[in-house]
Amino acid sequence: MRVRLAALLSLSTLAMAAPAWADGLIDNVDGVTLDEKGRVTRFTGILIDKNGTITRVLGRKDKRPERLDWRTDMKGRVVIPGMIDAHGHFMELGFKALSLDLSDTTSFEEAKAKIAAYAAANPNRPWITGGGWNQERWGLGRFPTAAELDAIVPGKPVWLERVDGHAAWANSAAMKAAGVTAKTAAPTGGRIEKGAGGAPSGVFVDAAMQLVAKAVPPPAPRDRNAAFLEAQKILLSSGITATADMGTSLDDWLTYRYMGDRNLLRIHIMSYANSVETAVRVGVSGPTPWLYNDRLRMGGIKLYLDGALGSRGAWLKAPYADAPGQTGLPLQNDTQLLNQMSRGAMDGFQLAVHAIGDRANAEVLFAIEELSSSYTGDRRWRIEHAQIVDPADLPGFGRNGVIASMQPVHQTSDRVMAETRLGPQRLGGAYAWKSITATGARVVFGSDYPVEKPNPFVGWAAGFTRQDADGQPFGGWRPEEALSREGAWRAFTTDAAYAGFAERKLGRIAEGMRADFVVVDRDPSMVSPTELRQTQVFETWVNGEKVWERGQRAIDVPEGGAAPVKPYIEPGR
C-alpha cells in the first residue's frame with residue numbers, strides 16, 4: 001500500500017559557510033509580523049541559521065551579507081508568521097478527511113443520499129464510520145434515528161459522530177454489535193436517546209458514546225499513518241505551522257514518534273494527553289523535552305468536564321431554555337476533577353479542561369482557585385472553549401492567570417443555536433473574548449478542527465468582527481466582545497504559542513525564534529474582513545524549510561518508509 005504526502009521540500013545546505021555568516025537569507029519580501037507588545041512591524045528579509053532559527057530580521061536599508069549558503073528571492077511577496085491553532089484534534093482531522101464526512105450537508109435528505117453513496121462505494125468496509133452531521137443545520141428539530149439509518153444501510157454497522165464530537169448516531173446493526181439493548185443503562189456523564197417503549201433510538205451523547213464506540217474496529221497502523229499525513233497536509237496548506245493537539249492518545253503519540261523518526265513530521269505539535277495515565281506513560285515524571293528539532297512535545301493533559309451546547313451536554317447553572325428539564329451532563333464531580341488536576345499538576349503537566357457551560361466553567365475556575373495555593377509557579381491553567389461564562393465568574397480568569405482557549409468560528413456558527421439553548425437573558429458571558437481579556441487573562445484562538453475547518457484567516461476575521469462569511473449579523477453579534485484586528489492576530493500567533501509554553505520558539509518573526517512563516521497573496525493586516533477570509537497560502541515554511549507549496553505534485557511515500565526529500569535550490573544559485 002502506498003499513501004500520499006504533500007510535497008516535502010527542504011533547503012539544500014552547502015558545506016563551506018564561515019561561522020560568522022548567516023546560513024541562508026529569505027530576501028525581497030513584503031514582511032509583516034507582531035512585536036512583543038502586539039504591534040505591527042515590517043521587514044524585508046530574514047536571516048536563518050543551519051538549525052532553522054532566525055538570526056536577524058532585516059529592513060529595507062539593512063545590508064545583506066555578501067556570502068551566503070543559500071538565498072531565496074521572494075520577489076516582493078507578502079510573508080507573515082506561521083499561524084498557530086491553539087485547539088485542534090490532529091488525528092481526528094486526518095481520519096475525517098479519509099472517511100464519510102457529512103459536515104457540508106444542509107438537509108437530512110442530502111445527508112441520507114451521501115451516506116448511501118458512501119456505503120455503496122465502500123462495500124468491503126466492515127463498518128461505515130464518519131461524522132460531521134448537525135441536526136440543527138438540517139432544520140430537523142430532533143435527533144436522527146437508528147431506523148432511518150437502517151433504511152439506508154441495512155445489516156452493516158454504521159457509526160457517525162455529530163459535528164461537535166459529543167454525540168454519535170448508530171444503526172441497529174451497530175447497537176447489536178455493541179450489545180446495546182433497551183436494558184442498557186447510560187453511564188455517568190452520558191445520555192442514551194430513547195424511542196418508543198424506552199428502546200435506544202440511535203443517538204448516544206457524551207459518555208454514552210463509548211457503549212458503541214468500543215465495538216468499532218480500531219484503525220490499522222497504515223490507516224493511522226495515512227491519517228497523519230493527510231492532517232499535516234491540510235494544516236500546512238492552511239498556513240498553520242504549529243498546533244495544540246487536544247487529547248493525544250498513546251496510539252496517536254506512537255504515530256507522531258514514528259513520523260518523527262522517519263523525517264515525515266513537518267509541523268510543530270504541542271501535545272496534550274487524553275488522560276493522566278497517558279501523560280505519565282509518555283512523560284513518566286513530567287513533560288517531555290522538545291523532540292525532532294522542536295517539532296513535538298507532550299507538555300499537558302486534556303480533561304473534560306461537560307459536553308457541548310448542540311447536544312445539550314454543556315453543563316448549565318439553570319435548565320436549557322429549549323429543554324426545561326435538562327441542565328447538561330457533568331462528566332466528573334468536583335472531587336474527581338480536583339483529583340485529576342492535582343495528579344497532573346503534581347508531575348508538572350499543564351492542565352487544559354474542556355468547559356462550555358456556565359456551571360462547568362465555574363467549577364473549573366473554583367478548582368484552579370483551590371489548587372493554585374498548592375501548585376505555584378508558572379502553571380498556565382487552561383480552560384478549553386469557555387463558551388458560556390456567568391459574568392459573575394469572569395474575574396476568576398484574571399485572578400489566577402487562566403488562559404481562555406477559544407474558537408472564534410464557534411461564535412459565528414453557534415450564535416443562533418446558543419440563543420435558542422440559553423435565551424437572550426443568559427448571553428452576558430457568551431463567547432466573551434473582550435471581557436475575559438479585560439480581567440488580565442489571555443484569550444488564545446484555535447478552530448477545534450475537525451469540528452470546524454482549520455482556516456486561521458476565517459477565524460482571525462471572526463475574532464475582530466463577530467460576523468460570519470456573509471457579514472451577518474450586521475455590526476457583529478454582541479460586538480462589544482470583539483478583539484482588535486491585532487489582538488485577534490496575536491491570539492493566533494504569539495499568545496497561542498504562550499499557551500503552549502512555546503513563546504520563546506514560535507509565534508513571531510524575530511531573532512532567536514524558529515523560522516516559521518507563510519507566503520500569502522495579500523497583506524492580512526490591511527485588507528477588509530471579507531478579503532482576509534479569502535487569503536490564499538502560496539508556501540509554508542517550518543524551521544527554515546519549505547514544507548508545502550501550492551500546486552506542487554504530491555510525492556509517493558512507500559508504506560513504512562521515509563519520504564524522499566527533494567532539495568529546493570534557487571535557480572541560478
Side-chain angles (χ1 to χ4, degrees), residues 34 38 80-81 83-89 103 163-164 235 238-240 242-244 246 308-310 314 352 354-356 361 382-389 394 397 403-419 427 429-438 441-499 507 524-525 527-535:
L34 295 173
I80 64 172
M83 302 293 277
I84 302 175
D85 195 305
H87 183 113
H89 306 278
S103 60
V163 64
D164 56 15
L235 294 178
S238 301
I240 295 169
T243 182
M246 285 294 165
L309 277 176
H354 168 116
I356 288 182
N361 277 282
R382 295 177 56 144
I383 295 182
E384 304 304 310
H385 307 304
Q387 286 179 212
I388 310 299
V389 182
L394 286 171
F397 283 89
I403 295 169
S405 173
M406 306 180 76
Q407 299 74 42
V409 285
H410 284 341
Q411 180 267 304
T412 57
S413 61
D414 290 355
R415 63 177 177 83
V416 175
M417 181 264 292
E419 291 172 347
L427 297 174
Y431 312 89
W433 312 327
K434 190 67 173 292
S435 293
I436 292 175
T437 59
R442 297 195 192 215
V443 169
V444 303
F445 281 161
S447 65
D448 197 17
Y449 67 79
V451 175
E452 304 276 3
K453 293 182 179 179
N455 185 328
F457 302 102
V458 170
W460 182 358
F464 67 89
T465 65
R466 308 270 293 190
Q467 293 175 313
D468 62 19
D470 297 323
Q472 295 299 317
F474 180 77
W477 187 74
R478 301 188 62 242
E480 67 275 8
E481 292 293 353
L483 300 183
S484 67
R485 179 190 290 257
E486 294 77 18
W489 190 11
R490 180 170 174 168
F492 271 113
T493 51
T494 58
D495 283 350
Y498 175 88
S525 70
V527 298
S528 71
T530 299
E531 292 172 319
L532 177 59
R533 290 175 176 272
Q534 297 168 353
T535 299

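All values derive from a computational prediction rather than experimental measurement. Along the sequence shown, residues are numbered consecutively beginning with 1.
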Looking at side-chain heavy atoms only, is the closest gap between [X] and [Y] below 4.5 Å?
X: Asp85; Y: Leu235; answer: no
X: Thr493; Y: Met83; answer: yes
X: Tyr431; Y: Arg478; answer: no
X: Ile240; Y: Pro456; answer: yes
X: Val443; Y: Phe397; answer: no

Give me the atom names and distance for the closest heavy-atom approach of [X] to [Y].
X: Ala386; Y: Ala404; answer: CB-CB, 4.5 Å
X: Ala461; Y: Pro529; answer: CB-O, 3.9 Å
X: Ser435; Y: Leu394; answer: CB-CD1, 3.9 Å
X: Ala308; Y: Asp164; answer: CB-OD2, 3.2 Å
X: Pro408; Y: Gly459; answer: CG-O, 3.3 Å
X: Ala497; Y: Ile84; answer: CB-CD1, 3.7 Å

Between atom [atom1] of [X] and atom [atom2] of [Y], what is the distance when rounded to the nearest 0.5 Å?
X: Asn361; Y: Glu384; atom1: CG; atom2: CD; result: 11.0 Å
X: Asp468; Y: Trp477; atom1: CG; atom2: CH2; result: 12.5 Å
X: Glu531; Y: Phe457; atom1: CD; atom2: CZ; result: 14.0 Å
X: Ile356; Y: Asp414; atom1: CD1; atom2: CG; result: 8.5 Å
X: Arg490; Y: Thr437; atom1: CZ; atom2: OG1; result: 10.5 Å
X: Leu532; Y: Trp489; atom1: CG; atom2: CH2; result: 10.0 Å

Quick one: list whatever passes side chain to side chain contact (heavy atoms under 4.5 Å, CB included) with Ser484, sequence neighbours left out.
-> Glu486

Is it true that a side-chain atom of [X] and a backbone atom of [Y] form a donor plus acceptor pair closer than 3.5 Å?
X: Asp470; Y: Gln472; answer: no
X: Trp460; Y: Ala491; answer: no
X: Arg382; Y: Ala499; answer: yes
X: Arg485; Y: Pro524; answer: yes

Between the side chains of Tyr449 and Thr243, is a donor N or O closer than 3.5 angstrom to an acceptor N or O?
-> yes

side-chain hydrogen bond (donor to acceptor under 3.5 Å, both in side chains) evaluation trace for Ser447 with Glu452 = CA-CA 6 Å; Ser447 65; Glu452 304 276 3; over 6 Å; no

Result of checking Arg415, Glu481, Lys434 against Arg466 for side chain to side chain contact (heavy atoms under 4.5 Å, CB included) | Glu481

Would you sort out whether Ile436 and Met406 count as a side-chain contact (heavy atoms from CB on, under 4.5 Å), showing the intermediate values?
-> CA-CA 11 Å; Ile436 292 175; Met406 306 180 76; 3.9 Å; yes

Scan His385, His354, His410 and name whichever one has a ring pair (Phe, Tyr, Trp, His ring centres under 6.0 Å) with His87.
-> His385

